[in-house]
Novice: 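Here it is, the structure, as structure tokens.
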Amino acid sequence: MGDKRLEQLLLTVQKPGRYSGGEINSVIKDKSAVDVRFAFCFPDTYEVGMSHLGMKILYSLFNEREDIWCERVFAPWIDFEKVMRENNIPLFALESRDSIKDFDFIGFTLQYELSYTNVINMLDLAKLPLKASERHSISPIVVAGGPCTCNAEPLADFVDIFFLGEGEQSDLEVIDLYKKFKANGGTKEQFLYEASKIEGVYVPSLYDISYNIDGTVKSITAKGDAPKTIRKRIETDLDNTYYPDKFVVPYIEIVHDRAVQEIFRGCIRGCRFCQAGYIYRPVREKSADTVNRQAKAICESTGYDEISLSSLSTSDYTEIEPMLEEMLSWTEKQGVSLSLPSLRIDNFSPELLQKINHVKKSGLTFAPEAGTQRLRDVINKNITEEEILNTCKTAFEGGYTAVKLYFMMGLPTETDEDIKGIADLAQKIVDTYYALPSKPKGKAVNVSISVSNFVPKPFTPFQFHPQITREEIIRKQQYLKECIKSRKITFNYHENKTSFLEGVFARGDRKLGEVLVSAFKKGCRFDGWDECFDLEKWLCAFSECGINPEFYANRERSYEEILPWEHLDYGVTKKFLICQNELAKKGETTPNCRQKCASCGANIFGKGVCFEKR
């Protein structure tokens, strides 16, 4: 289809800018002058995908090489998908508008489980067979990376290669191997077998899964001499790891419409519910000089007037105050505001507040996660109520009148007393504000509590626990609502139906592939969006496939059970996770990685916090 015809059709949809391309810093190459074409697919809308840091890094990294052209592809929204299907338009890349079925690689980033039907839908829109076993040619090779690959099994039937961990090196090693096969000949099977020898590369077709009568996994067997376990890859030296000096600047507003500067990877804390805190271990920091230099380059090349410092726990960065000092020396002059998400309650100092006060002042956000000290100890949050109240007091004294707090509902061992504790803690924060002699005149306080539903995830100490039922979530949400007595407290909570489906796929196995196809055929897409999610269609798909979703979401696992992801090695041992789960049952905490090594296993990577002097 010609560009003019496509442009006419784009005028019929809600946001044509999602599909038009041509943005500042987007990369155009001569396709006849490159050896490898890579379609980087984000299985959600343009606005969500363009906010994702991993896509920005790999897009620029691939395009730095003259022999690779990486282009962006996003899931078309419902309105444009309808136009595409009615007009026989295959899924295309933004830069060239070429159909991606003719590319060498189609790569998906898997950031959340509720995007899986979008992966299936995008393969279908590309006019490709859904199953990897039905795509016989050496191209396109369908690959995937991102946090959800730590349990890749629900998508194992559809993807040729999964990249475990950080992909800066392993992605390029696979592309180089592909180039050799493309030049010298060879089958797809031979290529995949050779790729499986690269560290961090998981080829699901090289593993046979058998099941017990009760539906649990009986064995995971590598074919031939494929590796028995596949270890993730990490970047050990972030100061010398590739980071782009420019980002594509969108023409339409995106979710996080600002520059992003990564300051470290991993987390020292070990909160027992947090998957990211385990699968990104060990902590590796960039130096303050590197952060400052990279941040400045991005602001200059994009024109953004806001930059966000990205990490799992920004205030745990060891050089945070000198780094902010250095950055403020140029951001203030240039009118660039700094955004510091992911602040910890227990190291939020008046000095840090003073630095933040140079930044655009909005509400502060903290995450106590649980309402009582008992439950905070169970989840290893390692913060006290006194620290929470003192932090809010410091913020109020610094002129803030709004505080947002994140909590979870449905955590292991949780009781109604813990739920009531959320409301009680919020009320104590309101009272702290009104007890201040120096509170701003005529300004009311607002304490916003946002409560999400706990989903047990692989590679966490809570991977063995059941998720509470949807009925129990609704009951607890209603009970918390009744416990809140003040209008100064705003209560937001998450939809329980999507949390249930996330719980199914987070700990699912290959049998769920059949359910994905069935749900896709029933019209399921954008399952993370309330306006699109349809639980009845999903329940019908489970029923059709003879699969009970509660088996995955609401069932406790024994320590002896073989879990679907046991052949994947993220550097955190099952023995350690069992030990942490036992400590949780006793309400005992574990110090953070900088205080004392807990022997999680991440020191096998030979770098990072594991080797710092304590």
Novice: Should D208 and K223 count as an ion pair when the cut-off is N to O under 4.0 Å?
Specialist: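 Salt bridge present between D208 and K223.
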Novice: Would you call E173 and R233 a salt bridge, using N to O less than 4.0 angstrom?
Specialist: yes
Novice: Output yes when E417 and R374 qualify as a salt bridge under the 4.0 Å nitrogen-oxygen rule, no when they do not.
Specialist: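 Between R374 and E417 there is no salt bridge, as every charged N stays at least 4.0 Å from the carboxylate O atoms.
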Novice: Please state whether the rings of F505 and F542 are parallel, tilted or perpendicular, taking 30° and 60° as the class boundaries.
Specialist: tilted
Novice: Spell out, as yes or no, whether a donor-acceptor pair under 3.5 Å connects the side chain of R281 to the backbone of G571.
Specialist: no
Novice: What residue among R525, R85, K131 forms salt bridge (charged side-chain N to carboxylate O under 4.0 Å, His left out) with D124?
Specialist: R85
Novice: How close do A370 and L411 get, heavy atom to heavy atom, and via which atoms?
Specialist: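 Here A370 and L411 meet closest at CB-CD1, 4.4 Å.
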Novice: Tell me whether the rings of H567 and Y207 are parallel (<30°), tilted (30 to 60°) or perpendicular (>60°).
Specialist: tilted
Novice: Of all residues at least two apart in sequence or in a different chain, which pass the salt bridge (Lys or Arg N to Asp or Glu O under 4.0 Å) check with K127?
Specialist: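 K127 satisfies salt bridge (Lys or Arg N to Asp or Glu O under 4.0 Å) with no other residue.
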Novice: Once rounded to the nearest 0.5 Å, what's the spacing between atom OH of Y116 and atom CG of D527?
Specialist: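 Rounded to the nearest 0.5 Å, the OH-CG separation comes out at 12.0 Å.
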Novice: List the steps, then state whether side-chain contact (heavy atoms from CB on, under 4.5 Å) holds for I106 with C41.
Specialist: CA-CA 7 Å; I106 295 174; C41 300; 3.7 Å; yes
Novice: Please report the interatomic distance NZ(K381) to CZ(R269), rounded to the nearest 0.5 Å.
Specialist: 8.5 Å
Novice: Is it true that E47 and R18 have a side-chain N and a carboxylate O under 4.0 angstrom from each other?
Specialist: yes
Novice: Residues two or more places apart in sequence or in another chain: which of them pass side-chain hydrogen bond (donor to acceptor under 3.5 Å, both in side chains) with T187?
Specialist: Q190
Novice: Identify, with sequence neighbours excluded, every residue that meets side-chain hydrogen bond (donor to acceptor under 3.5 Å, both in side chains) alongside E262.
Specialist: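 Residues passing side-chain hydrogen bond (donor to acceptor under 3.5 Å, both in side chains) with E262: R265.
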Novice: Do you see a donor-acceptor pair shorter than 3.5 Å between the side chains of T216 and E561?
Specialist: no
Novice: Specify the closest pair of heavy atoms between L563 and R557, including all atoms of both residues, with the distance to one decimal.
Specialist: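 Reported closest heavy-atom pair: CD2-CG, 3.7 Å.
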Novice: Run the salt bridge (Lys or Arg N to Asp or Glu O under 4.0 Å) test against K197 and tell me which residues pass, sequence neighbours left out.
Specialist: E194
Novice: Answer yes or no: is there an ion pair linking E582 with K586, defined by an N-O contact shorter than 4.0 Å?
Specialist: no
Novice: Can a donor-acceptor pair be found between the side chains of Y493 and N453 at a distance below 3.5 Å?
Specialist: no
Novice: For S219, give me all partners under side-chain hydrogen bond (donor to acceptor under 3.5 Å, both in side chains), at least two apart in sequence or on another chain.
Specialist: S210
Novice: Using modelled atom types and a 3.5 Å cut-off, is there a donor and acceptor pairing between side-chain atoms of K101 and backbone atoms of P140?
Specialist: no
Novice: What residues form a salt bridge (Lys or Arg N to Asp or Glu O under 4.0 Å) with R475, not counting sequence neighbours?
Specialist: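 Applying salt bridge (Lys or Arg N to Asp or Glu O under 4.0 Å) to R475 gives D416, E472.
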Novice: Considering all heavy atoms of both residues, which atom of Q467 and which atom of G503 are nearest to each other, and what is their separation?
Specialist: OE1-CA, 3.4 Å
Novice: In chain order, what residues pass the salt bridge (Lys or Arg N to Asp or Glu O under 4.0 Å) check against R72, with sequence neighbours excluded?
Specialist: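 Partners of R72 under the salt bridge (Lys or Arg N to Asp or Glu O under 4.0 Å) test: E23, E95.
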Novice: What's the spacing between K521 NZ and L130 CG if we round to 0.5 Å?
Specialist: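 The CG atom of L130 is 7.5 Å from NZ of K521, to the nearest 0.5 Å.
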Novice: Ignoring hydrogens and geometry, is there a side-chain-to-backbone donor-acceptor pair from N380 to G270 under 3.5 Å?
Specialist: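 Yes: the side chain of N380 pairs with the backbone of G270.
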Novice: T372: which residues meet the side-chain hydrogen bond (donor to acceptor under 3.5 Å, both in side chains) condition with it, sequence neighbours left out?
Specialist: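 side-chain hydrogen bond (donor to acceptor under 3.5 Å, both in side chains) check on T372 returns D418.
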Novice: Enumerate the side-chain hydrogen bond (donor to acceptor under 3.5 Å, both in side chains) contacts for residues 139-151, please, sequence neighbours excluded, ordered by first and then second residue.
Specialist: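 For residues 139-151: T149-Y570.
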Novice: Does a sphere of radius 6.0 Å around NZ in K218 hold more than 12 heavy atoms from other residues, nucleotides or ligands, not counting ones at 6.0 Å or beyond?
Specialist: no
Novice: Any idea which heavy atoms bring M122 and A75 closest together, and the distance?
Specialist: CE-N, 3.7 Å
Novice: Give a yes or no on whether K522 atom NZ has more than 12 heavy-atom contacts from other residues, nucleotides or ligands under 6.0 Å away.
Specialist: yes
Novice: Report the distance from atom SG of C150 to atom CH2 of W565, rounding to the nearest 0.5 Å.
Specialist: 8.5 Å
Novice: Would you call the rings of F42 and F74 parallel, tilted or perpendicular, taking 30° and 60° as the class edges?
Specialist: tilted
Novice: Hey, what's the ring geometry for F462 with F454, parallel, tilted or perpendicular (30° and 60° as the breaks)?
Specialist: perpendicular
Novice: Report the distance from atom CG of N603 to atom SG of C593, rounding to the nearest 0.5 Å.
Specialist: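 Reported to 0.5 Å precision, the distance equals 10.5 Å.
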Novice: Sort and list the pairs that fulfil salt bridge (Lys or Arg N to Asp or Glu O under 4.0 Å) and have at least one residue in residues 102-117, not counting sequence neighbours.
Specialist: D104-K182, E113-K457
Novice: Closest approach of A156 and F162, non-hydrogen atoms and distance?
Specialist: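 Closest heavy-atom pair between A156 and F162: CA-CE1, 4.1 Å.
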Novice: Can you tell whether the side chains of R284 and E235 come within less than 4.0 Å, N to carboxylate O?
Specialist: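 Looking at R284 and E235, the cut-off is not met.
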Novice: Should we say atom NZ of K511 is surrounded by more than 12 heavy atoms from elsewhere, each under 6.0 Å from it?
Specialist: yes
Novice: Can you name the residues that form a ring-ring contact (aromatic ring centres under 6.0 Å, His included) with Y59, not counting sequence neighbours?
Specialist: none
Novice: Under 3.5 Å, side chain of R231 to main-chain N/O of D569, donor-acceptor pair present?
Specialist: no
Novice: Side-chain polar contacts of residues 528-536 - donor-acceptor pairs under 3.5 angstrom, sequence neighbours left out - could you list them?
Specialist:
residue, atom, partner, partner atom, Å
W529, NE1, D44, OD1, 3.1
D534, OD1, E536, N, 3.1
D534, OD1, K537, N, 3.3

Novice: So, for Y280 and P147, which heavy atoms are closest and what is the spacing to 0.1 Å?
Specialist: OH-CB, 3.5 Å
